[in-house]
Amino acid sequence: MLNNDTIKLRVEELLRQMTVEEKVAQMMQIPFNITGKEEALRWAKMGAGSFLHVLGDDAREIQQAAMSSRLGIPAIFGIDAIHGHGLKHEATIFPSQLSAACSWNPEVVEEMGRVTAREVASDGLHWTFSPVLCLGRDTRWGRVNETFGEDPYLAGELGAAIIHGYQGDSLDAPDSILACAKHYIGYGEAMGARDAMDTQMTYRKMKEVFLPPFRRAVEAGCASFMTAYGSIDGHPFTADPKTLKDILRGELGFDGFVVTDWNNCESLMIQQHVAATIEEASVQAAEAGNDMIMSTLPFYEAALSAVRTGQMDEAVLDDAVRHILTIKFRMNLFEKPEKVGVPGCVGCEEHLDAARRAARSSITLLKNEGMLPLKGVKKVAVIGKNADDLNSQYGDWTYFTHPNANEPRPARRPYVTVKEGFEALCAERGIACVYHFGCEVKPTAADANGPALVDPVAEAIRQQSLSRLRQEDDIPGAVEAARDADAIILVVGDMIDQYGEFKDRADLSLSGRQMELYRALRALSIPMTVVLVASKPLCIPEIAATADAVICAFNGGMFGGQAVAEAAFGCFNPSGRLPISFPQHSGQLPVYYNTLPGWHGGRYMDQPATPVYAFGEGMGFAPFTYANLTFDPATLLATVDVTNAGDVAGTEVVQVYMHDVVASVIRPVKQLIAFTRVDIAPGETKTVTFQLEKADFALVNRDEQLVVEPGEFELMIGHSSKDSDLLKTVFIL
């Protein structure tokens, strides 16, 4: 990689040669799936700075056109490689971010990023729009599956890990790609979880709750940030210089470039109505600190007009282009404009093994009344649509769903559904295994019907959902298939029509007749494990209370089904922990663990005070006990003894929380500040040590300053965020 001084000189030299037209073109990101190849080639010859959603040879041809432009500035090619290079048919598909977050394992998440980078780079591409560092605090939001869960500390640690995976040791390495921290900021906090513009936010709340993961991204060297659709006190983030310049570049020290989300610039005019013309919108977006403009093609002429008429200083363009060119030089694109990755690595066995490890790490056992691991069974009945629905197992942002879901490609092996996982393991053990569909997951057409939606894209998605082929529900057939089984594995959840952009949910109950299916099978009085293959926590209080075992698998990727079956048979001891809480009822939301105190009565009058399953919760086949918590306020050194009280080896995720007893602002009832994974043999006790720092106890005061206030604190260490799982000590800082 060139040194910083050399890069600065080369950027300034190139900037002096650029015309105003070339500067604006460098700020443009062209959507290939909208323009097509010929139009994209025209933009490349004009000097467009970036293209998105281009694969393989098309990208190489466009890059050749960019290199033949007057100044020969290479283009950056971006792709939504969210959990693997999933828009490519042959790629390795990992668990979703939410599923991977169940691992609480930065090493697993970093490996996901590294494998994804190799495969993206092998396609000649440079950049992934990942990680999502929004918080999934209201699970009605359609994009919860893309987050690392509800907690800022956990999201920051896992976000930093995947950024290291994507970017490697150096941006100019042939198998490293740019990471993009998104969506900056507070996107998931949209009012009522209704994606995307109306965000209930203040700067103090933003800095204390939502900024920490992005701070970690800057510390990890993340090369790019993406602005959110939302707003702060009624002002769009896309047009907010305080957020993009004062906080991101000033306070956090970010030195990469900022790209808008899809058509954010024009949205200032057509959706948020803070600009009357595209010229006004373009000036607002550029002056606020957006360096690259995604998919707003009218920005080009509008920005040129604004400079020519004096509405915008050319120096605004210079700053934006300076940021973009700096990253291009850091990537050494002028010498090697095409990434090469590792030839032949896409979908290779080494990468598939990484996907298997990630899937196993994500399995979270939430309940087990002695049913698991399965032993002494002669027949297993696997029931449910999601037991054999690869689309639901993969989740969003794969070749099933993007960039053109109306032209889906057939599923490509290798992959293992839950049904196939049990069939394989049962066959190895001489156990009979039967499968029955049971009932549909999605609502009936009548449930989903209604007046056309205002947004044409959302309406097209809804119509596509309605047009999907449905199987006829056959609950009696499922009951008959399971009647003489020794164990029932019922797989429930949601499907792609129920999550993603444009698909926020008001009702998080199991859709269709899934609860009717559960009750009919439960009436057989056969031991039953319920597996959740879903994009997010759903409301399953009855299942949690009455099933014999519950496994959370979320969207497990290629080998999610294999991991479920292996866990059920005890091939490994599950160690997943929830990165997000499960509500009792949609109306109970939000139920995130780090709530503020002071709610009269502590709960809704018609709902319990606690979630069905809490943040940090999960179990294995061996229980862990805690004792002897010590903490030295002078050195900030904490220790606790953790014992494996079972007869099998296991991995415990030891979690550290704090509470600021009295502060100048209202503080959460508890806040995660550290965690570690510890392997413990049967009967063994390990002393676990945490070296904490004063910054772990900091708050953002009313002046928006990050400070540590002296006073009384509580330190809690244990198995989950639940009070009953935590040891506590009080100290003065």
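If you're wondering where the values come from, they're calculated on a predicted model, not measured in any experiment.
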Practice item. Apply the test side chain to side chain contact (heavy atoms under 4.5 Å, CB included) to residues Leu317 and Met312: give CA-CA distance (whole Å), side-chain angles for both, the deciding distance (0.1 Å), then the verdict. Key: CA-CA 9 Å; Leu317 308 183; Met312 181 166 62; 3.9 Å; yes
Exercise for review: Mind running side chain to side chain contact (heavy atoms under 4.5 Å, CB included) on Ile62 and Ile30 for me, showing each step along the way?
Suggested key: CA-CA 11 Å; Ile62 292 169; Ile30 309 303; over 6 Å; no
Exercise for review: Apply side chain to side chain contact (heavy atoms under 4.5 Å, CB included) to the pair Asn145 and Phe554, showing each step before the final yes or no.
Suggested key: CA-CA 8 Å; Asn145 65 300; Phe554 287 132; over 6 Å; no
Check your understanding: Could you go step by step and tell me if Phe334 and Phe329 meet the ring pair (Phe, Tyr, Trp, His ring centres under 6.0 Å) rule?
Key -> CA-CA 7 Å; Phe334 288 83; Phe329 276 112; 4.1 Å; yes
Exercise for review: Take Glu90 and Glu119, measure what side chain to side chain contact (heavy atoms under 4.5 Å, CB included) needs, and give me the verdict at the end.
Suggested key: CA-CA 10 Å; Glu90 302 82 9; Glu119 297 200 359; over 6 Å; no
Practice item. Under the ring pair (Phe, Tyr, Trp, His ring centres under 6.0 Å) rule, what do Trp141 and Tyr187 come out as? Steps first, then yes or no, please. Key: CA-CA 10 Å; Trp141 184 39; Tyr187 177 30; 5.1 Å; yes
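Using a 4.5 Å cut-off on side-chain heavy atoms (C-beta onward), Ser392 and Asn555 make no contact. Between Phe129 and Met226, the closest side-chain pair of non-hydrogen atoms falls below 4.5 Å. Counting heavy atoms from C-beta on, the side chains of Pro74 and Met67 come closer than 4.5 Å. Using a 4.5 Å cut-off on side-chain heavy atoms (C-beta onward), Glu111 and Arg357 make contact. Residues Leu71 and Gln17 are in side-chain contact: their nearest non-hydrogen atoms beyond the backbone lie under 4.5 Å apart. When side chains are defined from C-beta on, Gln498 does not count as touching Lys503, because their heavy atoms never get closer than 4.5 Å.
Ser99 and Ser362 form a side-chain donor-acceptor contact under 3.5 Å, judged by distance and modelled atom types alone. If you check the side chains of Asn264 and Thr238, you find a donor sitting under 3.5 Å from an acceptor. For Glu335 and Asn332, the side-chain atoms include no donor-acceptor pair closer than 3.5 Å. Side chains of Thr296 and Asn263: a donor-acceptor N/O pair is present below 3.5 angstrom, by distance only.
The backbone N or O of Pro337 lies less than 3.5 Å from a partner atom in the side chain of Gln63, making a donor-acceptor pair. Judged by distance alone, with hydrogens and angles left aside, the side-chain atoms of Asp123 form no donor-acceptor pair with the main-chain N or O of Leu125 at under 3.5 Å. Formation of a donor-acceptor pair under 3.5 Å by the His83 side chain with backbone atoms of Phe94 is found in this model. Remark: the backbone N or O of Cys345 is paired with a side-chain donor or acceptor of His351 at under 3.5 angstrom. Gln272 contributes a side-chain N or O that, together with a main-chain N or O of Tyr229, makes up a donor-acceptor pair within less than 3.5 Å. Of the possible polar contacts, one joining the Ser176 side chain to the Gln167 backbone as a donor-acceptor pair under 3.5 Å is found. Thr398 contributes no side-chain N or O that, together with a main-chain N or O of Tyr394, makes up a donor-acceptor pair within less than 3.5 Å.
Between Trp43 and Tyr300, the ring-plane angle classifies as perpendicular under the 30° and 60° cut-offs. Between His402 and Trp397, the two ring planes are parallel [angle under 30°; tilted spans 30° to 60°]. Note on ring orientation: taking the six-membered ring where Trp is involved, the planes of Phe77 and Phe51 are parallel (angle under 30°, cut-offs 30° and 60°).
Nearest heavy-atom pair, Gly500 versus Arg143, reported as atom, atom and distance to 0.1 Å: C-CG, 4.1 Å. Scanning all heavy atoms of the two residues, the minimum distance from Ala181 to Ala217 falls at CB-CB, 4.0 Å. For Cys180 against Trp127, the heavy-atom pair with the smallest separation is CB-NE1, 3.6 Å. Smallest separation of non-hydrogen atoms from Gln26 and Gly47: NE2-O, 3.2 Å. When all heavy atoms of Val132 and His183 are compared, the pair lying nearest together is CG2-CE1, 4.2 Å. Contact record, Gln393 with Gly557: NE2-O, 2.8 Å, taken as the closest heavy-atom pair.
Under the side-chain hydrogen bond (donor to acceptor under 3.5 Å, both in side chains) criterion, Asp504 pairs with no residue at all, not counting sequence neighbours.
Note that OG1 of Thr128 and CD1 of Ile82 are 5.0 Å apart. Values are rounded to the nearest 0.5 Å. Atoms CG and CZ, from Asp5 and Arg10 in turn, are 14.0 Å apart once rounded to the nearest 0.5 Å. Here the CG atom belonging to Leu2 is positioned 8.0 Å from the CG atom belonging to Asp172, to the nearest 0.5 angstrom.
The pair Lys182-Asp261 does not count as a salt bridge, with every side-chain nitrogen at least 4.0 angstrom from each carboxylate oxygen. Ion pairing of Arg356 with Glu349 is present here, as a side-chain N (NZ or NE/NH1/NH2) and a carboxylate O approach within less than 4.0 Å.
Applying the salt bridge (Lys or Arg N to Asp or Glu O under 4.0 Å) test between Asp255 and each of Arg330, Arg249, Arg322 identifies Arg330 as the sole match.
In this structure, Phe559 has its ring center at least 6.0 angstrom away from the ring center of Tyr415. Here His53 and Phe32 keep their ring centres 6.0 angstrom or further from each other.
Figure legend: cation-pi geometry between Arg216 and Phe214 absent, as NZ or CZ is not positioned both under 6.0 Å from the six-membered ring centre and within 45° of its axis.
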